[in-house]
**Q** 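Got a structure for you, questions after.
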Amino acid sequence: MSAYNPAELEAKWQEAWEAAEVYRTPPPSGAPDRYVLEMLPYPSGRIHMGHVRVYTLGDVLARYSRACGYSVLHPMGWDGFGLPAENAAMEHGIHPAKWTWSNIDTMRAQLRSMGLSYDWDCEVATCSPVYMREQQRLFLKMLDAGLIYRAEAWANWDPVEHTVLANEQVIDGRGWRSGALVERRLLPQWFFRITRYAGELLDALDHLPRWPERVKTMQRNWIGRSEGARLRFQVLGGNEEIEVFTTRPDTIFGATFLALSPDHPLSSTCADTNPTVAAFIQECTRDPGRRNREAAGPAGKTGVDTGLRVQHPFLERSLRVFVADYVLMEYGTGAIFAVPAHDQRDLDFARAHELDVVPVVDPPPDVEHPGPDEAYVGDGTLKNSEFLDGLDVAAAKQAVIDRLGEHGERSIQYRIHDWCASRQRYWGCPVPVVFCQDCGVVPVPEADLPVTLPDDVKFDRPGNPLERHAAWKTVECPACGSVAERETQTLDTFVDSAWYYYRYISAHADQPLDREAVARWCPTFQYVGGIEHAILHLLYARFFTRALRDIGELPFDEPFDGLYCQGMVCHRTYREPEDGTWLYPEEVEASGNGGFRRRSDGVPVVAGRVEKMSKSRRNVVDPVDIIATYGADVARLFMLSDSPPERDLEWTTSGVEGAARYLQRIWRAFDELEPGPVGAAQPPRFAPAAHALRQTTHRTIRAVEEDIEAFRHNRAVAHLRTLSNAFLRFDAAAAGTGGAWALREALETFVRLSAPLIPHLAEELWQRLGRDGFICQDAWPEADPDLLAEERATIAVQVNGKLRGTIELALGAGEADTREAALQLPNVIRAIEGAEVRKVIVVPDRVVNVVAR
RNA sequence: GCGGGUGUGGCGGAAUUGGUAGACGCGCCGGAUUCAAAAUCCGGUUCUGGCAACAGAGUGUCGGUUCGAGUCCGACCACCCGCACCA
C-alpha cells in the first residue's frame, strides 16, 4: 500500500490525458453537442482563487456532460489586451507584449495543474495578430453597416489612465479601475450603435430562463426604458424649437418653466450673448462633480434664466427658460418642461428661484396630501387642466398625446447610450482606419490587415505612445495615395471579449467566424463567470451577437442560453495590532480561545471581517501553494463543498484540511476494502445489508446528477460523503449474499460520480479497482428505479401538530392501518389522555396528526 | 429614493417545495490507540430541565391562513448588492 501522493498522481494523470488527447473536441457524431464556457481570464501572471472556483465549476459541468454522452466543447483563452501590461511596462520597463505572453505561459501551466478538461487546440489570445486581424475585419464590416460611427462627444476622461471610459466604466464618478475622479472632455470617439438594439436587448431578457434574475434585472435597469412623449416648444421671437422628453405629458398644464442642460446647444447659443449664462455654464463644466450627483433640497439645484420664453402648446401662456445643472444632456433631449407640483427636482428648483407651483393632479381621497415642499408623484385626478380635468393620470397621458399634433408625439426613451469603444492606449487592438486630408476616414484595405502595434515604443511618460510614433502613424492614404495618418486610438478590451467565444470555435479559420462550426456549438449551453460582468461584458456580448447577425455572420440572437454567476472567494482579514498593517494568512496562527497571533513573535493579531480576497488587504491564499501542498483535487473539492456556488465562499485552513483528510480516507478505504472481482455477474439475491448499500448507491446516483445539473455542488459533495460513509462502515464478509458485489458496485459508482469533481484521484482509483480505460471517458451510471423506491415508510405521529413519535410501516399502508398504529403509540395515548379525539388526519406514508381537545 | 437579494445550531449549510427542522461537513467535547503527541478510529454535539424515559422552547420580528408553516399571505426589522438629479 502506498500513501496518497497528489503531486505525483496528478502529474501522472495529466500527462496521460494529454498523451491520449482525451479532451479534444469531438467531430460531429450524432451525439448532442454542448458548449461549456467560462469567462476567459486576464493574464495577470498568476491564477487566483476566484479562477479556481469558476474553472472548477465549468470543468465539473464539462466532465459530467461528457459522461452523459454529450459531445463537449470546453475551451480556454486569454483576454490579452489591457492596461496592467502598460503599467508593468512603465514600472519595470518590460514591453507589454513580452509581459503578457510570458504571463500567459505561466498561467496556462497553472491552469493545467488544476486538471481542467480544456481542448487547448482552440486556445485564443485576444492580443494575437490573428485575433486582431479578424476583429479588425469585423470592425470594418460593422463600420460599413452603420453599426459603428465616429463622433465628437463629451467623454469620460480618466486622468490617471489617460484614457476615455465608457459610461459603464464610471462608478460613482470615478474610473472603474483607477478610482480617479473622471473629467469631461470633448473628443472624437468611436461608438458602437448599441442603442439601435436597446428594445431588442431588453425584450429578449424575458426569453432567457436560465439566466439569473438579478443579472436580468441589472440589465433592464441599465437599458432603462421609459415611455412618454416628445414635445416641441416654440421659442418666442425666434425660429428655434426646444424639444423635451417627458414621462408625464399629463402634467403639461402644471408646467411653469423649461430647463435646459448646461451642455444643451441652445444654452451655448444663449451664452454667446448672455454673460450670466456663459458664466454659469463655465462653472458647470469646470466642476463636473456637481453634476451626475444628486443634491437634496432647493440648495442643490442651481441655474440661471436665459431670458428666452416658449409658447405653451395648449395655453396662451408663455414659459420662462432656464439653464439648470440638474438637467442632464445625456438623457432624453437635454431639456425638460418643469412641473414643480409633481416632480421633486422641479419643485426644489422652483422654491430656490421663487417660481410658480401649479398642482394639476389631486391625490385620491385616501392618500395624504403632500407638504408644501413635497411634490406629489402618484396617481390621482386631473384638475386645472382644461380638457384633461377629471381624468386619471393614465387616461390624461393618452389624451394629451392624442391632442399634441405638431407639438409632439409618443416616444420611448432609453437610458443606455451608444458604446464608446475607443481608448487612448497602446496595448489594445488598433482601430483599422486612416485619416486623409482629402478622403476623410478611410478603412485599411483587407490585404493590409491586421494593423499591428509597433514594437519600438517607450513608456517613459503618460499618454498614448502611438501618438508619438511618427513612423507608425504616417501612412499612405489607401484611397488617394497622399500622406495620411493612422488612427492612434485602440479598442476597448470589452470589444475583444464581446466575441472571443465564437473565435474558439473558429480558431483555425481564415475568416472571423467558421459559420458551420459556430452553428454546431452555439448558442453556448452554459456560461460561467463572475457577477461583476452582469452589465458590461454580458451586454456587449449580447449586442455583438446581434450586430454579427445583422452583418450576416450568425444565424441567432443570443450568445448564452445559460448563465451562472458564482460567488466570490473570501478570507478573514488580519491586522497588525500596533500600526494596523495587513497580515497575510500564512503569517498568522490560531492562539486557541478563538483568537489569533503572529506566527513569528506570538503577538496577538486583530482579526477583521471576512472579505473578498484582495492583494490590498493581503487576505489571499495562492492556489499554486495550495495545489503544491494538498493537490488540485483537494482544492477543487473544497471549492465545491459547503457553500452553494452562487454564494460567497470563505476559504479556511480547516476547510481545506477537512477536504484533504477526506480524500486520504477514501484512498485508504480503497486499499482496505475488499470488493468482488471486476465484471462478476450480478447475484440473483442480496442479503439485507448488501441490499441497503445498493439502495444508498443508487439513491446517490440520482441525487448527485440532480445536484450537478442544478449547480448545487455542495449538496452533491454531501451526497457523495453519505455514500462513502456507507461503504466505509460496510463489512462485505459479514453482509452475506451479494456483499462483495454490492461493495464493488458502490466503489465503482463512487468513482464515477466523483470523477467530475476530483478527476485525478478518480482515475487512480478506477485503475486500482482493476478497470481499464479512462474514467473521464466512461459513462455516467444509471440509477435503478427499483432501488430508489423505499419499501418502508417512517411516519411522523403528531398530537395537535406536535411530534409525539414515529411509526414504521410498509410503504403504501392503508389509512386505517396507519391510523390504528399511530393511536397505539404509548406516547400518543399519554398525550391524548383525558382529551377528546376530534379528528385524525392521515397522510399515507407521511404523517398522522391527532387533533384532540 | 428605486430595483433585487439574504436572514435556520458555535460556524458553512441541508430540508422531497405545506408533512419528523438541523442531512453533509467544520469546530468542539468525551473515549480508544500512544511513553507522549500528531495522525487515525469510535461516540456525542440546537437550546433549557432531567441520570434517563421524556417535557418545554426553537428557522430575523409581529400577526394571519391551516389539522400541520423554515416553506404560503400581510406588516415590519437587519444586512448585502445594483442603479440613482434618468425628466
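Per chain, numbering begins at 1; letters A, B, ... match sequence-line order.
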**Q** Which of the following nucleotides, B/rA14, B/rC24, B/rU40, is nearest to the side chain of A/Arg668?
**A**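 Closest of the options to the side chain of A/Arg668: B/rU40.
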**Q** Sticking with atom P, work out how far B/rA84 lies from B/rU66, rounded to a whole angstrom.
**A**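 After rounding to an integer number of Å, I get 46 Å for this pair.
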**Q** A/Pro644 has a side chain; which of B/rA55, B/rG13, B/rG19 sits nearest to it?
**A**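 Per side-chain heavy atoms of A/Pro644, the pick is B/rG13.
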**Q** Under 4.0 Å: is that the gap between some side-chain N or O of A/Arg665 and OP1 or OP2 of B/rC41?
**A**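 The answer is yes; a side-chain N or O of A/Arg665 sits under 4.0 Å from OP1 or OP2.
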**Q** May I ask you to verify if any side-chain N or O of A/Asn849 is less than 4.0 angstrom from the OP1 or OP2 atom of B/rU20?
**A**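 No, outside the criterion.
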**Q** Between B/rA23 and A/Asn725, is there an OP1 or OP2 to side-chain N/O distance shorter than 4.0 Å?
**A**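 No, A/Asn725 has no side-chain N/O under 4.0 Å of OP1/OP2 on B/rA23.
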**Q** Scan A/Arg729 against the nucleic acid and name what it touches under 4.0 Å (heavy atoms): base, sugar-phosphate only, or nothing.
**A**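 Since no nucleic acid heavy atom lies under 4.0 Å of A/Arg729, the category is nothing.
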**Q** Do A/Arg636 side-chain atoms and A/Leu757 backbone N/O form a donor-acceptor pair below 3.5 Å?
**A**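 Yes.
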**Q** Hey, what's the ring geometry for A/Trp651 with A/Phe638, parallel, tilted or perpendicular (30° and 60° as the breaks)?
**A**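 It falls in the perpendicular class, over 60°.
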**Q** Can you identify which nucleotide, out of B/rA21, B/rC83, B/rC24, has its nearest atom closest to the A/Arg415 side chain?
**A**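 Selected nucleotide: B/rC83.
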**Q** So, does A/Lys802 get its side chain near the phosphate of B/rA57, meaning an N or O under 4.0 Å from OP1 or OP2?
**A**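 Answer yes for this pair, as a side-chain N or O of A/Lys802 is under 4.0 Å from OP1 or OP2.
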**Q** What is the distance, to the nearest angstrom, from the CD1 atom on A/Ile535 to the P atom on B/rG4?
**A**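 Taking atom P of B/rG4 as the reference, CD1 of A/Ile535 is at 15 Å.
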**Q** Of A/Arg661 and A/Val850, whose nearest nucleotide on RNA chain B comes first from the 5' end?
**A**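 Nearer the 5' end of the strand: A/Arg661.
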**Q** Over all heavy atoms of both residues, which pair between A/Ser724 and A/Phe750 is shortest? Give the atoms and the distance, please.
**A**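 Taking A/Ser724 first and A/Phe750 second, the nearest heavy atoms are CB-CE1, 4.0 Å.
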**Q** Measure from the side-chain heavy atoms of A/Asn221 and tell me the nearest of B/rA84, B/rA87, B/rG3.
**A**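 That would be B/rG3.
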**Q** As a test of reading the structure: which of B/rG19, B/rC24, B/rG82 is closest to the side chain of A/Ala718, going by heavy atoms?
**A**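 Ranking B/rG19, B/rC24, B/rG82 by closest atom to the A/Ala718 side chain puts B/rC24 first.
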